[in-house]
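All values derive from a computational prediction rather than experimental measurement.
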Amino acid sequence: MLSRSRAAVPRRLAALTAVFGLAACGSATPEAAPATPVFVPGSATPGPSAVASPSPSAAASASPAAACGVFPADSVWRADVSKLPVHRSSAAYVNSIGADAHMHPDFGSGTWEGAPIGIPVTAVKPGQTTVKVSFEYASESDKGPYPVPADAKVEGGRGSDGDRHVILYDAAACKVYELYAAYPSGSGWRAGSGAIFDLRSHRLRPAGWTSADAAGLSVFAGLARYEEVATGRITHALRITVPRSRDSYVWPARHAASSSSDANLPPMGLRLRLKASVNTSKLPKQARVIAEAMKTYGVIVADNGSPWYLSGAPDERWSNDALRALKNLQGSDFEAVDVSGLMVSKNSGAVRPG
């Protein structure tokens with residue numbers, strides 16, 4: 001769910017009532033200078049922001065993510081944060097997100113209201129024709145063109161009035177093209193905002209720029225994807241939403257999506273991890289792999305929305321029963337970490353060696 005800084009735009013009310021529960025997007029209310037050097041003032045410009053376990057025969061073809069990883073091995077997304085110091089404001093942040101609120105896997109198999117559950121990824125075929133995309137937030141969007149096929153998967157389905165992310169994965173170029181609030185328009189598309197990420201690069205978006213996500217980060221990079229879990233490991237941080245954020249962002253985020261100066265609220269880009277003391281050994285395998293990733297690589301605050309909503313790509317091979325076990329985790333099982341010691345440059349996603 002995206003909260004835009006100065007404009008009313010469509011918001012996705014995460015709606016998996018029968019499967020995972022329902023919660024609404026939070027609201028936010030001008031922020032003082034950041035408390036630590038890691039925090040960067042928020043941008044003043046507008047910005048984005050009944051199920052059964054499947055049988056083996058229901059398995060979909062391999063996700064397009066398999067051929068190209070999530071950014072380089074020394075990317076902040078892939079940094080082990082299990083030994084980093086606890087952030088001094090950890091308790092306040094967790095309480096503001098919801099210490100008693102339970103984690104909610106916002107993805108799975110099957111459909112909800114006629115659409116796959118989660119943020120889908122569309123594979124870009126070789127030679128895919130590119131199209132022009134017009135943007136509401138053109139000054140903070142990559143012009144493209146974008147290789148959007150006519151049958152591109154839209155979050156929530158073609159009839160959705162929610163966030164309508166379109167995530168395009170180009171394995172040959174090792175790039176992702178990401179759109180927010182995307183709609184077909186004539187021979188092209190229109191969208192709220194758009195960003196192109198080279199998955200071989202550490203380059204961040206310009207300071208203060210949004211992306212298809214409120215934090216100015218890649219949506220694709222933070223998704224839980226089935227083919228990773230099937231290998232037994234996820235090797236990158238995951239994307240979560242929070243009810244309210246403050247008007248600041250922390251590396252590697254590039255954009256804020258709030259007008260609140262409340263220092264107890266988390267900034268966009270805040271990294272949290274599942275505490276080492278949480279016993280995950282009895283979780284079903286799919287949930288366990290995800291939980292172990294949250295211990296090692298953590299989660300990143302990427303958007304305003306419902307508390308502890310964890311993003312993933314839909315896949316018929318997910319077991320919703322297994323994923324539902326993640327709801328046994330709650331906010332108090334997490335702690336915020338200080339990633340400032342990893343940063344090489346505020347304009348790069350690379351981390352310091354060793």
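Across all non-hydrogen atoms, the minimal contact from Arg239 to Thr241 is NH1-CG2, 4.2 Å. Minimum interatomic distance between Glu140 and Gly208 (heavy atoms only, all atoms of both residues): OE1-O, 3.5 Å. The two residues Leu238 and Met294 come nearest to each other via the heavy atoms CD1-CG, 4.1 Å. Contact record, Val154 with Ala182: CG1-O, 4.5 Å, taken as the closest heavy-atom pair. The nearest pair of heavy atoms linking Ser193 to Thr210 is CB-CG2, 4.3 Å. Nearest heavy-atom pair, Leu217 versus Pro252, reported as atom, atom and distance to 0.1 Å: CD2-O, 3.3 Å.
Under a 3.5 Å cut-off, the side chain of Ser319 and the backbone N or O of Ala322 do form a donor-acceptor pair. For Arg244 (side chain) and Gly305 (main-chain N/O), no donor-acceptor pair under 3.5 Å exists by modelled atom type. Side chain of Arg164 to main chain of Arg158: a donor-acceptor pair is present (N/O by atom type, distance under 3.5 Å, no hydrogens or angles). Side-chain N or O atoms of Ser201 include none that pairs as donor or acceptor with a backbone N or O of Asp198 at under 3.5 Å. Under a 3.5 Å cut-off, the side chain of Ser109 and the backbone N or O of Trp318 do form a donor-acceptor pair. At least one donor-acceptor pair closer than 3.5 Å links the side chain of His255 to the backbone N or O of Ala214. When atom types are taken as modelled, the side chain of His165 and the backbone of Glu155 share no donor-acceptor pair closer than 3.5 angstrom. A donor-acceptor contact shorter than 3.5 Å links the side chain of Glu178 to the backbone of Val219. Proximity of a side-chain donor or acceptor of Asp213 to a complementary backbone N or O of Ala215 within less than 3.5 Å is not detected.
A cation-pi arrangement is present between Arg190 and Tyr183 under the rule of less than 6.0 angstrom and at most 45 degrees off the ring axis.
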side-chain contact (heavy atoms from CB on, under 4.5 Å) evaluation trace for Val76 with Val339 | CA-CA 9 Å; Val76 62; Val339 301; 5.5 Å; no

For Val229 and Ile290, run side-chain contact (heavy atoms from CB on, under 4.5 Å): C-alpha distance rounded to whole Å, both residues' side-chain angles, the deciding distance at 0.1 Å, then the answer.
-> CA-CA 7 Å; Val229 170; Ile290 292 169; 4.1 Å; yes

Step by step, work out the side-chain contact (heavy atoms from CB on, under 4.5 Å) result for Val337 and Val86.
-> CA-CA 4 Å; Val337 296; Val86 176; 5.5 Å; no

Apply side-chain contact (heavy atoms from CB on, under 4.5 Å) to Lys175 and Phe220, showing your working.
-> CA-CA 10 Å; Lys175 290 182 178 181; Phe220 174 84; over 6 Å; no

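Side chains of Leu204 and Ser348 form no contact here, defined as non-hydrogen atoms less than 4.5 Å apart. Side chains of Thr111 and Ile117 form no contact here, defined as non-hydrogen atoms less than 4.5 Å apart. With contacts defined as side-chain heavy-atom distances shorter than 4.5 Å, the pair Pro266/Ser96 qualifies. The shortest side-chain heavy-atom distance between Arg78 and His236 falls under the 4.5 Å cut-off. Side-chain atoms of Ile234 and Val289, non-hydrogen and from C-beta on, do get closer than 4.5 Å to each other. Side-chain contact between Thr129 and Pro147: absent, with no pair of heavy atoms (C-beta onward) separated by less than 4.5 Å. With a 4.5 Å cut-off on side-chain heavy atoms, Val166 and Trp189 count as touching. Counting heavy atoms from C-beta on, the side chains of Pro72 and Leu199 never come closer than 4.5 Å.
Note that the CG atom of Leu270 and the OG atom of Ser245 stand 10.5 Å from one another [nearest 0.5 Å]. Atom CG of Leu179 is separated from atom CG of Asp163 by 12.5 Å, given to the nearest 0.5 angstrom. To the nearest 0.5 Å, atoms CG (Asp333) and NZ (Lys275) are separated by 7.0 Å. Atom NZ of Lys143 and atom OG of Ser134 lie 13.5 Å apart (nearest 0.5 Å). In this structure, OG on Ser260 lies 8.5 Å from CZ on Arg246, to the nearest 0.5 angstrom. Summarising the geometry, atom OG1 belonging to Thr280 is positioned 4.0 Å from atom NZ belonging to Lys295; distances are rounded to the nearest 0.5 Å.
In terms of hydrophobic clustering, with Ile, Leu, Val, Met, Phe, Trp and Tyr side chains grouped at heavy-atom distances under 4.5 Å, Trp251 and Phe197 are assigned to a common cluster. At a threshold of 4.5 Å between side-chain heavy atoms, the hydrophobic network of Ile, Leu, Val, Met, Phe, Trp and Tyr places Val94 and Leu326 in one connected group. A single hydrophobic cluster is not seen to contain both Ile300 and Tyr297; linkage of ILVMFWY side chains at heavy-atom distances under 4.5 Å, directly or through other members, places them apart. Connection of Leu323 to Leu283 is not established within any shared hydrophobic cluster, with ILVMFWY side chains joined at heavy-atom distances below 4.5 Å, either directly or through further cluster members.
For Phe71 and His202, the ring centers are positioned 6.0 Å apart or more. Checked against the 6.0 Å centroid criterion, the rings of Tyr146 and Phe135 qualify as a close aromatic pair. Taking the centre of each ring, His104 and Tyr309 come in below the 6.0 Å mark.
Residues that satisfy the ring pair (Phe, Tyr, Trp, His ring centres under 6.0 Å) test with Phe334, not counting sequence neighbours, are Trp308. Residues passing the side-chain contact (heavy atoms from CB on, under 4.5 Å) test with Asn347 are Arg254, Ser345, sequence neighbours excluded.
With salt bridges taken as basic N to acidic carboxylate O contacts below 4.0 Å, one links Arg205 and Asp142. Classification of Arg352 and Asp74 as a salt-bridged pair fails, no side-chain N sitting under 4.0 Å from a carboxylate O.
By the neighbour-count criterion of 12 heavy atoms within 6.0 Å, atom CZ of Arg233 is sparsely surrounded, having that number or fewer from other residues, nucleotides or ligands. Open room surrounds CZ on Arg203; 12 or fewer heavy atoms of other groups in view lie less than 6.0 Å from it.
The side chain to side chain donor-acceptor pair (under 3.5 Å) test with Arg324 singles out one residue from Asn328, Asn320, Asp321, and that residue is Asp321.
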